[in-house]
Amino acid sequence: MENQSELIKVDDNIKRIREQIAEAALRSGRKSEDVRFMAVTKLQENYLVNRAIADGIDLIGENYVKEFLDKKDFLNLDGVEKHLIGHLQTNKVRKIITEVDMIESVDSMEVAEEIERQCEKHGVDMNVLIEVNIGGEQSKTGFDISEVEEKAAQISELGRVKIQGLMTIPPATDDKRELRRLFEEMRKLFVDIQDKKQDNINMNILSMGMSHDYTEAVECGSTEVRIGSAVFGARDYSKKH
Ligand SMILES: *Cc1c(COP(=O)(O)O)cnc(C)c1O
């Protein structure tokens, strides 16, 4: 059932987040257009996602392959860019390869190699981001900061996998100083790789910042924030397959 007040909340949330992104971009010496606003749609109601799209959201992020395939026909995705942002098992790559515009969560050589194989098979290229485990957490996927350059170079040699930048999920902490330190470290890595101008490695996108830390991320140089619960409210985990 559509709930009118939930729809209005989505409108208000998007408006407020846009303003905050614009202000944070200014504080970092940039323009609001320099930061893309992704709505993270996992486990959210389709009608709310469609409202966000009607409000001008043109980039969505999905975590789970099956969930996305099951619901995509109910979403008004004309002109909307779709990125996979969740950990991708290699056996799911073939299901998603022609369905999304970017895979932000390349977190192992195995998944990069499988993306290459599936691209070959379908005669397509795939834009990707390299996921960095910036907090060095055991529980998290992503490359260790010390190995990112080497792995990016290896991935760039595959051919059809097109590196467009870096993505990270920082540790869950309320310590804003620590978050800033980690975001700045990401920014430095991003610029270092950018400056090397290597073949088949573009550093256009620095994807960092979620509902609780997007203003800090933008202030530290993020070019894309991925925001779920601050747009749509809490996720309904009972919907997870
Ligand atoms: C779920 C998710 C988000 C959004 O998280 P919120 O805290 O709801 O904004 C962003 N990025 C990734 C990779 C996610 O899995």
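When a ligand or atom number is given, it counts from 1 through the structure's own listing order. Residue numbers run from 1 in the order of the sequence given.
- Which parts of ligand 1 touch S229 is read off a 4.0 Å heavy-atom cut-off, strictly below it: atoms 6 (P), 7 (O), 8 (O), 9 (O).
- Remark: ligand 1 atoms within the under-4.0 Å shell around heavy atoms of I227 are 9 (O).
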Item to check | Verdict with supporting geometry, R30 and V218, side-chain contact (heavy atoms from CB on, under 4.5 Å) | outcome: CA-CA 9 Å; R30 296 180 300 154; V218 172; 3.7 Å; yes
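- Taking every heavy atom of S211 and a limit of under 4.0 angstrom, the matching atoms of ligand 1 come to 6 (P), 7 (O), 8 (O), 9 (O).
- Under a 3.5 Å cut-off, the side chain of R226 and the backbone N or O of G61 do not form any donor-acceptor pair.
- If you look at H212 next to ligand 1, there are no close heavy atoms at all, none under 4.0 Å.
- No heavy atom of M38 sits closer than 4.0 Å to any atom of ligand 1.
- Of all atoms in ligand 1, numbered sequentially from 1 with element shown, those under 4.0 Å from a heavy atom of G228 are 4 (C), 6 (P), 8 (O), 9 (O).
- Side chains of N46 and F74 form a contact here, defined as non-hydrogen atoms less than 4.5 Å apart.
- Remark: minimum distance from atom 1 (C) of ligand 1 to any protein heavy atom is reached at K42 NZ, 1.4 Å.
- Between E131 and K140 there is no salt bridge, since no side-chain nitrogen of the basic residue lies less than 4.0 Å from a carboxylate oxygen of the acidic one.
- Every pair passing salt bridge (charged side-chain N to carboxylate O under 4.0 Å, His left out) that includes a residue from residues 85-104 is listed here, sequence neighbours excluded: K72-E99.
- Residue nearest to atom 12 (C) of ligand 1, selected from I85, T168, L43: I85 (by heavy-atom distance).
- Not counting sequence neighbours, the partners of D144 by the side-chain contact (heavy atoms from CB on, under 4.5 Å) test are S146, E147.
- In this structure, I17 and V225 have side chains that are not in contact, with every pair of non-hydrogen atoms separated by 4.5 Å or more.
- Of all atoms in ligand 1, numbered sequentially from 1 with element shown, those under 4.0 Å from a heavy atom of R226 are 4 (C), 9 (O), 10 (C), 11 (N), 12 (C), 13 (C).
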